[in-house]
Peer 1: 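Could you have a look at this structure, given as structure tokens, before my questions?
Everything quoted here is computed from the prediction, not taken from an experiment. Residue numbers start from 1 in every chain, and the chains themselves are labelled A, B, ... in the order their sequence lines are given, proteins ahead of strands. The figures here come from the full heavy-atom set of this structure, side chains too, leaving out hydrogens, waters and symmetry mates.
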Amino acid sequence: MAEEKIRVLVAKPGLDGHDRGAKVIARALRDAGMEVIYTGLRQTPEMVAEAALQEDVNVVGLSILSGAHMALVPRILELMQANGQEDVKVFIGGIIPDEDVPKLQDAGVTGIYGPGASTQLIIDDIRAAMSAAAN
Amino acid sequence: MSADSIDIQPILNGDRLALSRVLTQIEKDSTAGRDALNHLFPHTGKAQLIGVTGAPGTGKSSLVNQIAYHYRHPVDDSQPQRIAIVAVDPTSPFTGGAVLGDRIRMRDLSGDPDVFIRSMASRGSLGGLARATAGIVQAYDAAGYDIILIETVGAGQAEVDIARLAHTTLVVEAPGLGDDIQAIKAGILEIADILVVNKADRPGVENTERALRNMLQLAHPAKRVFRHHGQQMEVDGADEQEYEALWIAPIQRTIATDGEGLTELLEHISQHRQHLENTGELARRERARLAAQLDELIESQLVSDWRASLKNGVYEHALDELEARHLSPYEAVQELVKEQKK
Ligand SMILES: Nc1nc2c(ncn2[C@@H]2O[C@H](COP(=O)(O)OP(=O)(O)OP(=O)(O)O)[C@@H](O)[C@H]2O)c(=O)[nH]1
Ligand SMILES: [Mg+2]
């Protein structure tokens with residue numbers, strides 16, 4: 001049987017207008033051998049959850065710089081749960097104030113990364129989360 | 001390996017998570033995926049399959065978005081069709097990873113529960129891609145989607161194989177791809193049922209269209225009419241009857257970013273469908289497609305059975321004999337096949 005490919009949805013929810021960071025992550029994950037579904041700018045929570053469902057991804061990576069993470073992320077998690085995708089791991093990159101981190105973790109976010117985080121760290125964390133889920 | 005088999009009823013009932021998960025198994029070519037396909041197969045054969053192929057960046061995804069949108073929102077009073085899309089992008093040969101970006105251009109379809117979009121990386125072998133695509137299309141078909149759009153890049157063997165899946169294949173060109181003629185590989189005309197010149201808002205569209213028209217003319221010389229003893233006679237490459245049955249790919253200009261030319265494009269698609277039905281070509285294509293799939297499966301099954309039946313070292317021994325030039329490849333095959341019969 002073919003090896004297990006990690007499928008990742010990289011999405012940019014919210015209204016902030018540039019996706020350089022998201023693209024960098026998308027390419028880094030590709031170079032790490034993952035299949036990245038990239039959906040572009042200005043995704044609504046509904047669009048993110050719909051894409052995650054149709055693409056049967058293992059991981060959703062959200063890039064949020066607008067500061068709207070507390071409005072967007074719980075909504076996305078809620079929609080994914082309603083779709084039966086509570087097993088999908090969610091990672092967030094962006095500017096997240098310290099006080100929001102535990103709230104997001106409680107809501108079910110697996111990893112949270114600031115603008116300076118190395119892509120290698122994110123790759124390692126995704127792999128670790130995948131092998132933990134497989135066991 | 002536990003072959004936990006998949007209940008296909010939710011897929012038939014339109015459960016999108018169940019469909020999405022079976023697509024993953026089909027793509028992996030897992031035992032569960034094959035088992036599901038066995039059960040889904042009796043429910044297939046209803047959908048209309050449309051292939052969209054062409055060089056990178058010609059606007060295939062934007063066009064798929066428009067085509068799907070038009071089928072969802074018909075301008076006449078026809079029923080909206082349920083649409084499923086599979087968009088294939090290349091896997092990086094170096095890392096095995098891929099960035100699948102076709103959904104970026106399909107925003108207009110989001111939020112519509114009667115549209116399903118799946119991105120797929122080309123992964124390993126050519127045969128594997130064609131098999132996975134065929135499987136995904138079967139699952140969509142069984143799930144009750146009326147129209148299935150298959151987007152692939154380029155014009156290689158994989159595209160030709162995938163085009164063979166489709167009832168109608170659109171080949172997309174666009175002006176300004178450097179040298180227009182080079183981008184239009186001769187082989188692609190053979191799979192094109194409809195030629196689309198997209199980005200018709202861009203300069204150079206006339207040149208692209210002219211180049212295509214010239215190439216088409218070479219492929220299907222037009223009827224030449226001349227006078228013979230005062231009577232008009234028609235002479236052509238094909239005889240009259242054959243000519244009736246001949247479909248000459250129309251060329252349609254489009255602007256996929258604003259929908260221009262889409263009504264006409266859908267009209268061509270429906271005319272091609274009509275042509276396939278009227279000439280019996282639809283049934284012929286269907287049968288040829290099933291035959292190709294059967295042949296491929298027979299070959300891979302026989303080869304893997306045969307390999308498994310060989311005693312250890314026999315194959316390597318034959319290889320040694322080849323290397324030493326004691327046997328020719330033909331002789332080696334004879335020896336190996338004899339070996340198995342013992
Ligand atoms: N001017 C113009 N631009 C277009 C048109 N159609 C598509 N584009 C643009 O062309 C670029 C590529 O479009 P896509 O639809 O992604 O093309 P594609 O053929 O699917 O690309 P790949 O899947 O990467 O091979 C995008 O920036 C589109 O907005 C058109 O009719 N006119
Ligand atoms: Mg595309």
Side-chain angles (χ1 to χ4, degrees), chain A residues 1-13 19 22-61 76 79-88 119 122-123 126-127, chain B residues 1 3 10 15-34 61 84-113 115-125 128 131-132 136 140:
Chain A
M1 200 162 95
E3 65 176 305
E4 299 286 326
K5 278 273 170 220
I6 301 177
R7 279 170 70 85
V8 186
L9 177 71
V10 172
K12 183 110 188 59
D19 62 350
K23 280 183 173 154
V24 168
I25 281 291
R27 281 192 213 106
L29 299 181
R30 174 200 61 195
D31 292 344
M34 301 180 196
E35 288 179 358
V36 180
I37 294 98
Y38 186 65
T39 52
L41 288 167
R42 295 194 183 82
Q43 302 283 299
T44 64
E46 286 73 15
M47 289 164 88
V48 175
E50 182 180 52
L53 174 72
Q54 295 177 351
E55 301 290 353
D56 192 25
V57 290
N58 311 103
V59 174
V60 171
I76 290 171
L79 289 165
M80 285 172 58
Q81 240 151 42
N83 286 339
Q85 284 197 301
E86 53 278 324
D87 51 339
V88 174
T119 53
I122 300 172
I123 290 163
I126 290 177
R127 289 209 176 112
Chain B
M1 186 175 55
D15 180 330
R16 298 200 297 165
L17 182 62
L19 173 62
S20 190
R21 287 189 169 155
V22 86
L23 297 184
T24 304
Q25 295 305 319
I26 291 169
E27 200 186 354
K28 273 202 286 203
D29 199 21
S30 69
T31 314
R34 287 189 182 192
S61 300
I85 296 165
V86 52
V88 184
D89 279 326
T91 291
S92 155
F94 304 109
T95 66
V99 174
L100 313 172
D102 297 313
R103 293 185 83 97
I104 300 173
R105 311 283 166 220
M106 302 185 189
R107 293 177 72 96
D108 296 336
L109 308 174
S110 66
D112 184 341
V115 176
F116 195 103
I117 307 170
R118 182 62 168 246
S119 313
M120 185 165 73
S122 57
R123 293 196 183 172
S125 65
R131 203 176 315 139
I136 285 180
Y140 279 159

Peer 1: Hey, which of A/Gly33, A/Ala26, A/Gly84 has the most heavy atom pairs under 4.5 Å with chain B?
Peer 2: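 The answer is A/Gly33.
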
Peer 1: Please state whether the side chain, the backbone, both or neither of A/Met34 comes within less than 4.5 Å of a heavy atom of chain B.
Peer 2: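 For A/Met34, the backbone is the part near chain B, not the side chain.
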
Peer 1: Using a 4.5 angstrom heavy-atom cutoff, name the option from B/Ile104, B/Thr24, B/Leu23 with the most pairs to chain A.
Peer 2: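 Counting heavy-atom pairs under 4.5 Å, the top option is B/Ile104.
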
Peer 1: Just by modelled atom types, is the A/Ala32 backbone N or O under 3.5 Å from a matching donor or acceptor in the B/Thr95 side chain?
Peer 2: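 Side chain of B/Thr95 to backbone of A/Ala32: no pair is present.
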
Peer 1: Testing the basics here: between A/Leu9 and A/Val57, what is the closest heavy-atom pair and its distance to 0.1 Å?
Peer 2: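 Answer, listing the atom of A/Leu9 first, then A/Val57: N-CG1, 3.7 Å.
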
Peer 1: Answer with side chain, backbone, both or neither: which region of B/Val115 has an atom nearer than 4.5 Å to a non-hydrogen atom of chain A?
Peer 2: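 For B/Val115, backbone heavy atoms alone lie under 4.5 Å from chain A.
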
Peer 1: If I measure from the heavy atoms of chain B, does A/Leu41 come under 4.5 Å with its side chain, its backbone, both, or neither?
Peer 2: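 Interface part for A/Leu41: backbone (N, CA, C, O).
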
Peer 1: Select, from B/Ala121, B/Ser110, B/Pro113, the one with the greatest count of heavy-atom pairs under 4.5 Å involving chain A.
Peer 2: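 Among the listed options, the one with the most contacts to chain A is B/Ser110.
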
Peer 1: Exactly one of B/Arg118, B/Met120, B/Arg123 should register a side-chain contact (heavy atoms from CB on, under 4.5 Å) with B/Val88. Which one does?
Peer 2: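 That would be B/Met120; it is the only one of B/Arg118, B/Met120, B/Arg123 passing the side-chain contact (heavy atoms from CB on, under 4.5 Å) with B/Val88.
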
Peer 1: Does the side chain of B/Leu109 come within less than 4.5 Å of B/Ile85's, by heavy atoms?
Peer 2: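 They are in contact (side-chain heavy atoms under 4.5 Å apart), so the answer is yes.
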
Peer 1: Could you check which of B/Leu19, B/Leu100, B/Asp102 has the highest count of heavy-atom pairs closer than 4.5 Å to chain A?
Peer 2: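 The candidate making the most pairs under 4.5 Å is B/Leu100.
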
Peer 1: Give, as side chain, backbone, both or neither, the part of A/Glu46 having an atom under 4.5 angstrom from any heavy atom of chain B.
Peer 2: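 Neither part.
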
Peer 1: Taking all non-hydrogen atoms of both residues, which atom of B/Ser20 and which atom of A/Gln54 are closest, and how far apart?
Peer 2: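 Closest pair (atom of B/Ser20, atom of A/Gln54, distance): OG-O, 3.2 Å.
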
Peer 1: Suppose we screen for salt bridge (charged side-chain N to carboxylate O under 4.0 Å, His left out). Which residues come up paired with B/Arg107, at least two apart in sequence or across chains?
Peer 2: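 Checked B/Arg107 against salt bridge (charged side-chain N to carboxylate O under 4.0 Å, His left out); zero matches.
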
Peer 1: What part of B/Asp112 gets closer than 4.5 Å to chain A, counting heavy atoms only: side chain, backbone, both or neither?
Peer 2: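 Looking at B/Asp112, just its backbone touches chain A.
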
Peer 1: So what's closer than 4.5 Å to chain B heavy atoms on A/Asn83: side chain, backbone, both or neither?
Peer 2: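 For A/Asn83, the contact with chain B is made by the backbone alone.
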
Peer 1: Among A/Arg42, A/Gln85, A/Gln43, who wins on heavy-atom pairs under 4.5 Å with chain B?
Peer 2: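 The residue among A/Arg42, A/Gln85, A/Gln43 with the greatest pair count is A/Arg42.
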
Peer 1: Checking heavy atoms, do the side chain of A/Arg7, its backbone, both or neither come under 4.5 Å from chain B?
Peer 2: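 For A/Arg7, side-chain heavy atoms alone lie under 4.5 Å from chain B.
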
Peer 1: If every non-hydrogen atom of A/Ala52 is compared with every non-hydrogen atom of A/Val60, which pair is closest and at what distance?
Peer 2: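 In this case the closest contact between A/Ala52 and A/Val60 is CB-CG2, 4.0 Å.
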
Peer 1: Determine, stepwise, if the pair A/Glu55 / B/Arg103 fulfils salt bridge (charged side-chain N to carboxylate O under 4.0 Å, His left out).
Peer 2: CA-CA 10 Å; A/Glu55 301 290 353; B/Arg103 293 185 83 97; 2.6 Å; yes

